[in-house]
Amino acid sequence: MKDRIIVGYDLGDTFSQISYCFYDDNAPETLAVVAGTESYNIPTVLCKRKGVNQWFYGKEAVKHVQGEDGELLTNLVELARRGETVRIEEIAFDPVSLLTLFVKRSLAMLSIVSGVDKIAALMITCENLDAKMVEILNGVVAGLSLKTKVVCYQSHVESIYYYTLHQEEELWQRQVMICDYNADTIKVYQMDCNRKTTPVVAFVEDYTFPFTHYQELLDADTMRESVARRMDEQFLEILQSLNRGQVVSSAYLLGEGFKEEWMQESLQYLCRGKRVFQGNNLYSKGACLGMREKLMPSEVGKEHVFLGKDKLKANVGMRVTRQGEDSYYALLDAGNSWYEAKHTMEFLLEKDNVFTLVITPLNGREVKYAQVTLEGLPLRENAASRLYMEMDMVNESCIRLTVEDLGFGELFPATNQKWTESFEVV
């Protein structure tokens with residue numbers, strides 16, 4: 001496995017990035033668009049050459065459009081979310097197929113370090129990971145024809161968690177702040193840990209603030225100093241509004257907007273009592289580290305659990321009898337992404353055509369019990385009804401289960417009745 005790589009792919013609507021590490025390494029590297037530089041952003045765009053079925057992606061696509069050799073397709077993620085057919089030169093294209101083409105072409109950049117066929121596992125991260133985005137990513141992955149089946153997804157928030165978890169511990173003993181400035185907004189993430197629980201529960205709050213578009217600074221020319229001062233004041237107000245007496249160990253400045261030199265007072269304020277870093281490849285590295293953690297859990301990973309918006313926030317199980325003794329049987333574990341939380345099992349029903357699920361929240365709330373009644377199932381002797389159960393999640397807070405009667409041999413033939421129920425977790 002030494003020549004196999006773990007890949008973290010940050011899929012954005014404007015830019016995308018690719019980080020990777022070899023299987024026996026825990027320090028991700030990010031692919032540079034231009035060799036020997038720290039230019040990591042791959043424009044998430046495509047261009048079809050006029051009159052022929054030839055496609056370009058990223059910076060090459062931009063060059064061909066500037067040469068009037070084709071039409072530029074932007075906002076590929078948003079196009080896929082809308083699901084509308086894209087027409088180019090009177091030809092209809094499926095937007096998910098176009099996004100797949102971009103991902104496939106950009107992954108080919110890995111040939112400079114290893115190769116697509118050497119991908120052992122792939123983690124795709126994106127800003128928002130709702131049911132629609134999961135559906136799109138499933139379509140993209142199916143079209144990539146990768147040799148590995150180890151493909152997972154996580155949000156930017158979770159990528160922040162995994163990146164932070166693998167930094168020096170002094171950098172996240174207290175709160176961690178991440179400021180992401182792109183276009184005309186600044187998004188601030190604040191990560192904190194509840195060290196009173198076992199395992200330690202990590203969570204991230206996020207806030208979005210309207211902000212001066214950084215292009216305004218680039219276009220200002222003679223008014224540049226005035227625009228920079230206004231931006232500096234804006235950012236300082238945001239930082240002060242979020243302070244609220246919190247102790248921050250470290251802060252990260254991400255995004256194109258922070259590359260320009262406009263921070264003066266705001267940067268001085270931010271640097272008080274904390275270490276501040278600037279860069280733009282945190283998400284892709286966090287995706288790579290997240291996948292590595294899934295494959296080879298570290299000690300610090302075992303001691304912490306992340307409860308983001310797309311995570312199951314309670315343990316779900318049931319009381320069962322094993323070898324005559326009462327015990328707890330785990331079905332779904334808190335901390336797993338809702339779209340990955342699945343379980344199937346067969347069990348014997350003891351009595352009354354009823355069984356109970358045990359829901360244990362990790363937020364300190366009381367244990368809940370969800371009773372499932374199989375109406376219409378013939379009453380049989382104890383442990384004479386064999387049932388098959390499938391469990392998954394509709395969203396981050398709703399569990400769905402389907403139960404089927406398998407009977408019990410020739411004595412009690414299967415009715416093949418099915419029951420489906422959904423219930424809230426917390």
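For CD of Gln215, the number of neighbouring non-hydrogen atoms (other residues, nucleotides, ligands) closer than 6.0 Å is greater than 12. Taking a 6.0 Å sphere around CE of Met223, one finds it holds 12 or fewer heavy atoms contributed by other residues, nucleotides or ligands. Other residues, nucleotides and ligands place no more than 12 heavy atoms under 6.0 Å from the CD atom of Glu225. Other residues, nucleotides and ligands contribute more than 12 heavy atoms inside 6.0 Å of the CD atom of Gln278. By the 6.0 Å contact criterion, NZ on Lys309 is open, its count of non-hydrogen atoms from other residues, nucleotides or ligands being 12 or less. Within 6.0 Å of CZ in Arg224 there are more than 12 heavy atoms belonging to other residues, nucleotides or ligands. Within 6.0 Å of CD in Gln264 there are 12 or fewer heavy atoms belonging to other residues, nucleotides or ligands. When the shell of 6.0 Å around CD of Glu38 is examined, it contains 12 or fewer heavy atoms from other residues, nucleotides or ligands.
When each of Tyr181, Tyr269, Phe258, Phe209 is paired with Phe235, the ring-ring contact (aromatic ring centres under 6.0 Å, His included) condition holds for Phe258 and for no other.
The closest donor-acceptor contact from the side chain of Asp232 to the backbone of Met263 lies at 3.5 Å or more, if one exists at all. Although no hydrogens or angles enter the test, the distance criterion places no donor-acceptor pair under 3.5 Å between the side chain of Arg105 and the main chain of Leu46. At distances below 3.5 Å, at least one donor-acceptor pair connects side-chain atoms of Lys48 with backbone N or O atoms of Val52. Between the side chain of Ser250 and the backbone N or O of Leu171, at least one donor-acceptor pair lies under 3.5 Å. A donor-acceptor pair under 3.5 Å is formed between the side chain of Lys368 and the backbone N or O of Val425. The closest donor-acceptor contact from the side chain of Asn395 to the backbone of Cys398 lies under 3.5 Å. A donor-acceptor pair under 3.5 Å is formed between the side chain of Asn315 and the backbone N or O of Ala334. In this structure, Lys302 contributes its side chain and Ser298 its backbone to no donor-acceptor pair below 3.5 Å. Of the possible polar contacts, none joining the Gln246 side chain to the Leu242 backbone as a donor-acceptor pair under 3.5 Å is found. A donor-acceptor contact shorter than 3.5 Å links the side chain of Thr197 to the backbone of Pro199.
Expressed to the nearest 0.5 Å, how far OG of Ser249 lies from CZ of Arg275 amounts to 10.5 Å. Considering CD1 of Ile136 and CG of Leu79, their distance stands at 10.0 Å, rounded to 0.5 Å. Separating the OG atom in Ser241 from the OH atom in Tyr207 is a distance of 9.5 Å, to the nearest 0.5 Å. Between Trp419 atom CH2 and Asp405 atom CG the span is 5.0 Å, to the nearest 0.5 Å. Taken to the nearest 0.5 Å, the CG atom of Leu110 stands 4.5 Å off from the CD1 atom of Ile5. With values rounded to the nearest 0.5 angstrom, Tyr388 atom OH is found 8.0 Å from Glu346 atom CD.
Taking 4.5 Å as the limit, some side-chain heavy atom of Val103 sits within range of a side-chain heavy atom of Leu11.
Side-chain contact of Thr402 with Glu390: a donor-acceptor pair under 3.5 Å is absent, judged by distance alone. Side-chain polar atoms of Gln17 and Thr30 form no donor-acceptor pair below 3.5 angstrom. Of the N and O atoms on the side chains of Tyr9 and Ser106, at least one donor lies less than 3.5 Å from an acceptor on the other residue. Of the N and O atoms on the side chains of Asp206 and His156, not one donor lies less than 3.5 Å from an acceptor on the other residue. For the 3.5 Å distance criterion, the side chains of Gln190 and Glu205 fail to qualify, holding no donor opposite an acceptor. Remark: the His343 side chain and the Tyr329 side chain contain an N/O donor-acceptor pair separated by less than 3.5 Å.
A salt bridge links Asp392 to Arg400: one of the charged nitrogens lies within less than 4.0 Å of a carboxylate oxygen. A salt bridge does not link Glu233 to Arg230: none of the charged side-chain nitrogens sits closer than 4.0 Å to a carboxylate oxygen. For Lys63 and Glu60, the salt-bridge test passes: some basic side-chain N is under 4.0 Å from an acidic carboxylate O. One finds no salt bridge joining Lys50 and Glu71 here, because no Lys/Arg side-chain nitrogen approaches an Asp/Glu carboxylate oxygen to under 4.0 Å.
Listed here is the closest heavy atom pair of Asn182 and Glu256: OD1-N, 3.4 Å. In terms of heavy-atom proximity, Val140 sits nearest to Leu99 at CG2-CD2, 3.9 Å. When all heavy atoms of Ile359 and Phe423 are compared, the closest pair comes out as CD1-CE1, 3.8 Å. Taking both residues in full, the closest heavy atoms of Leu401 and Val403 are given as CD1-CG2, 3.5 Å, listed atom of the first, atom of the second, then distance. Closest approach of Ala32 to Met109, counting heavy atoms only: O-CE, 4.0 Å. Here the closest heavy-atom approach between residue Leu332 and residue Ala341 is recorded as CD2-C, 3.9 Å.
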Handout entry: Verdict with reasoning, Tyr153 to Trp338, per ring-ring contact (aromatic ring centres under 6.0 Å, His included)
Key = CA-CA 11 Å; Tyr153 318 133; Trp338 67 265; over 10 Å; no
Exercise for the section: Could you walk me through whether Lys311 and Ser337 pass the side-chain hydrogen bond (donor to acceptor under 3.5 Å, both in side chains) test, one step at a time? Expected result: CA-CA 4 Å; Lys311 298 295 182 182; Ser337 301; 2.8 Å; yes
Problem - Derivation of the side chain to side chain contact (heavy atoms under 4.5 Å, CB included) call for Met291 and Leu295 - result: CA-CA 6 Å; Met291 177 54 84; Leu295 298 173; 4.2 Å; yes
Problem - Intermediate values then yes/no, side chain to side chain contact (heavy atoms under 4.5 Å, CB included), Tyr339 and Met393 - result: CA-CA 7 Å; Tyr339 46 85; Met393 298 193 69; over 6 Å; no
Exercise for the section: Just do the salt bridge (Lys or Arg N to Asp or Glu O under 4.0 Å) check on Arg49 and Glu89 with the steps written out, would you? Expected result: CA-CA 10 Å; Arg49 194 168 187 176; Glu89 297 179 325; over 6 Å; no
Exercise for the section: Decide side chain to side chain contact (heavy atoms under 4.5 Å, CB included) for Ile238 and Phe211; before the verdict, give the C-alpha distance in whole Å, the side-chain angles of both, and the deciding distance to 0.1 Å. Expected result: CA-CA 10 Å; Ile238 290 172; Phe211 203 77; 3.9 Å; yes
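Note on ring orientation: taking the six-membered ring where Trp is involved, the planes of Tyr283 and Tyr189 are perpendicular (angle over 60°, cut-offs 30° and 60°). Using bins of under 30°, 30° to 60° and over 60° for the plane-to-plane angle, the ring pair Trp172/His304 lands in the perpendicular bin.
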Show which side-chain atoms of residues 115-131 pair as donor or acceptor with protein atoms under 3.5 Å away, not counting sequence neighbours.
unit_1, atom_1, unit_2, atom_2, d
Lys118, NZ, Asp3, OD2, 3.1
Thr125, OG1, Gln154, O, 2.9
Thr125, OG1, Ser155, O, 3.2
Thr125, OG1, Ser159, OG, 2.8
Glu127, OE2, Lys187, NZ, 3.2
Asp130, OD1, Arg81, NH1, 3.2
Asp130, OD1, Arg81, NH2, 3.4
Asp130, OD1, Lys132, N, 3.4
Asp130, OD1, Met133, N, 2.9
Asp130, OD2, Arg81, NH2, 2.6

